[in-house]
> 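Here's a structure for you.
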Amino acid sequence: MRLLCGSALASTFLASGLVGAAPADAQIVRIAEPNSVTVTNWGVQVGFDEVSETVDDRGGVVMAGVLAGYVRSDVDFNDDDGEARFSGYNIGGYMTYVTGNFFTDILVKADILDLDYANGGIERDNDNVRSYGARIDTGYRANLGGFFLEPQATLDYVYTEMEDLEVSGATVGMSDGRTLRGRLGLRAGTSFDTGGTRIEASIMPSVWHYLHSESAVAITGAGETVRIDDPRNKTYGEVSGIVNVFGASDRTSAFLKADYRFGDDLKGYGLRAGLRFQF
């Protein structure tokens, strides 16, 4: 049995649209369309997992577990007085299959969030947000002496439900959002031992692309309805630096991961840290 815990902090700056925060944030951004938006995300995650014995004749093993956590995302419309806050909890499960140098990770998760929206401190409204998603990561590690290369691929799908908001006397209707993203990345690094502890350091450039995205906002007021679509068919880059630390007994390990995201109308960074205990 293993216990996994960690936390994350991320911030995103952009001119229009939104990548890398709560799944429905882009719909809120499109209401006001400011010149710049700052999004700050943070959260805490805890999980328990179990590692199986060999499951096939190739020596493959499976690790399966459950997780839960708290997440918060603050959206600041920098050129406007509006702000929005997403906060709530998430639950999910994950599974990893490893055979030789090949691995596959699968994650399913539900986010149960509250949205609080304020316009200059005068008008306020709140909403319920529900997001359901699945993600699969796969890769292969090629060991090259004291270094390694690890090509990776990811598919990520999120479905989001939101209720209507009342903003400035108008009803803002949120359509259900559906997003499918893909990623290709290459991780390169090395590992070394010091004082009975093994340290693994690596860097990983990646390219993300929205393969499919559906979301729209319908604003109804004064007897008229205006519909705003947000296709978000964008490509953006990400560069990650990763440090893993493994204890001498292999019963404890820790990681630190820093991310930088960039693209058209997008600049962001993130920091994640975690601990794993085996008992």
Side-chain angles (χ1 to χ4, degrees), residues 4 6 8 10 12 17-26 39 41 43 45 47 49 60 62-67 69 71 73 90-111 131-142 148-160 177-189 200 202-215 231-244 255-264 266-274 276:
L4 176 67
T12 304
L18 187 58
V19 175
D25 282 5
V39 182
N41 307 314
Q45 203 85 48
D49 58 55
V62 171
M63 179 179 69
V66 295
L67 56 84
V71 63
S73 178
N90 55 61
I91 55 175
Y94 57 93
M95 183 178 70
T96 296
Y97 171 72
V98 179
T99 177
N101 293 353
F102 174 81
F103 68 88
T104 298
D105 299 322
I106 299 174
L107 169 69
V108 293
K109 187 165 65 74
D111 294 298
S131 290
Y132 311 95
R135 172 170 171 154
I136 181 169
D137 295 277
T138 187
Y140 181 87
R141 174 171 294 199
F148 65 86
L149 290 177
E150 191 176 280
Q152 298 183 7
T154 298
L155 279 177
D156 182 312
Y157 176 79
V158 176
Y159 170 75
T160 302
R178 297 172 178 83
T179 299
L180 177 65
R181 297 184 304 166
R183 178 185 72 94
L184 293 175
L186 180 63
R187 183 181 174 197
E200 181 181 271
S202 61
I203 187 170
M204 182 171 63
S206 300
V207 176
W208 286 90
H209 180 69
Y210 282 89
L211 302 170
H212 178 75
S213 181
E214 296 179 13
S215 62
R232 283 201 292 174
N233 292 321
K234 292 184 177 181
T235 299
Y236 64 97
E238 181 180 66
V239 178
S240 303
I242 308 163
V243 177
N244 294 315
F255 78 90
L256 180 66
K257 184 173 184 283
D259 302 311
Y260 177 71
R261 294 177 293 276
F262 57 93
D264 291 340
L266 171 67
K267 181 176 69 174
Y269 58 89
L271 185 65
R272 298 170 185 259
R276 180 184 293 272

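Keep in mind that the numbers below use all heavy atoms, side chains included, and drop hydrogens, waters and symmetry copies. Nothing fancy with the numbering, it's 1 onward along the sequence.
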> Once rounded to the nearest 0.5 Å, what's the spacing between atom NZ of K257 and atom CD1 of I242?
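With rounding to 0.5 Å, NZ (K257) is 5.5 Å from CD1 (I242).
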
> Are Y94 and D105 linked by a side-chain donor-acceptor pair shorter than 3.5 Å?
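Side-chain D/A pair, Y94 to D105: absent.
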
> Once you round to the nearest 0.5 Å, how far does CZ of R261 lie from OH of Y236?
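Between R261 CZ and Y236 OH, I get 7.0 Å after rounding to 0.5 Å.
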
> Given side-chain contact (heavy atoms from CB on, under 4.5 Å), test Q45 with V71 step by step and report yes or no.
CA-CA 9 Å; Q45 203 85 48; V71 63; over 6 Å; no

> Check whether any side-chain heavy atom of V62 sits under 4.5 Å from a side-chain heavy atom of M95, and report yes or no.
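Touching, per the 4.5 Å side-chain cut-off.
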
> For the pair K234 and W208, evaluate side-chain contact (heavy atoms from CB on, under 4.5 Å) and give the outcome as yes or no after the intermediate values.
CA-CA 8 Å; K234 292 184 177 181; W208 286 90; over 6 Å; no

> Are K109 and L67 side-chain neighbours, meaning at least one heavy-atom pair lies under 4.5 Å?
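K109 vs L67: side chains touch.
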
> Check N41 against S73 and note the closest heavy-atom contact, atom names and distance.
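Scanning both residues, the minimum pair turns out to be OD1-OG, 2.6 Å.
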
> Starting from the C-alpha separation in whole Å, work towards a yes-or-no answer on side-chain contact (heavy atoms from CB on, under 4.5 Å) for L211 and L155.
CA-CA 9 Å; L211 302 170; L155 279 177; 3.7 Å; yes

> Of all residues at least two apart in sequence or in a different chain, which pass the side chain to side chain contact (heavy atoms under 4.5 Å, CB included) check with T104?
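With sequence neighbours excluded, T104 shows a side chain to side chain contact (heavy atoms under 4.5 Å, CB included) to F102, I106, I136, T138, given in chain and number order.
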
> With sequence neighbours left out, what residues match Y157 under side chain to side chain contact (heavy atoms under 4.5 Å, CB included)?
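If we apply the side chain to side chain contact (heavy atoms under 4.5 Å, CB included) test to Y157, skipping adjacent residues, the hits are Y159, R178, L180.
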
> Can E150 and M204 be said to form a side-chain contact (heavy atoms from CB on, under 4.5 Å), step by step?
CA-CA 9 Å; E150 191 176 280; M204 182 171 63; 5.9 Å; no

> How would you list, by chain and number, every residue that makes a side chain to side chain contact (heavy atoms under 4.5 Å, CB included) with V98, sequence neighbours excluded?
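For V98, the residues satisfying side chain to side chain contact (heavy atoms under 4.5 Å, CB included) (neighbours in sequence not counted) are V61, T96, F103.
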
> Please name all residues satisfying salt bridge (charged side-chain N to carboxylate O under 4.0 Å, His left out) with D137, sequence neighbours left out, ordered by chain then number.
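Salt bridge (charged side-chain N to carboxylate O under 4.0 Å, His left out) check on D137 returns R135, R183.
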
> Report the distance from atom CZ of R187 to atom OG of S240, rounding to the nearest 0.5 Å.
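Going from CZ on R187 over to OG on S240, the span is 10.0 Å.
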
> Where do A188 and L149 come nearest, in terms of heavy atoms and distance?
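So the minimum-distance heavy-atom pair works out to CB-CD2, 3.6 Å.
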
> Grab the two heavy atoms, one from Y140 and one from P151, that are nearest each other, plus how far apart they are.
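In terms of heavy atoms, the two residues are closest at O-CD, 3.1 Å.
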
> Once side-chain hydrogen bond (donor to acceptor under 3.5 Å, both in side chains) is applied, do any residues pair with D156, and if so which ones, sequence neighbours excluded?
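With sequence neighbours excluded, D156 shows a side-chain hydrogen bond (donor to acceptor under 3.5 Å, both in side chains) to R181, given in chain and number order.
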
> Applying ring pair (Phe, Tyr, Trp, His ring centres under 6.0 Å), name anything that partners Y260, two or more places apart in sequence or on another chain.
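Per chain and number, Y260 pairs via ring pair (Phe, Tyr, Trp, His ring centres under 6.0 Å) with F262.
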
> Taking all heavy atoms of A273 and all of L256, pick out the closest pair and write down the distance.
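Taking every non-hydrogen atom into account, CB-CD1, 4.0 Å.
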
> Looking only at heavy atoms, what is the nearest atom pair of S206 and G185, with distance?
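Minimum heavy-atom contact is OG-CA, 3.7 Å.
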
> For A153 versus L184, what's the shortest heavy-atom pair and its separation?
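Result for this residue pair: CB-CD2, 3.9 Å.
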
> Using atom types as modelled and distance alone, determine if a side-chain donor or acceptor of N101 lies under 3.5 Å from a backbone N or O of R141.
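A pair under 3.5 Å: yes.
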
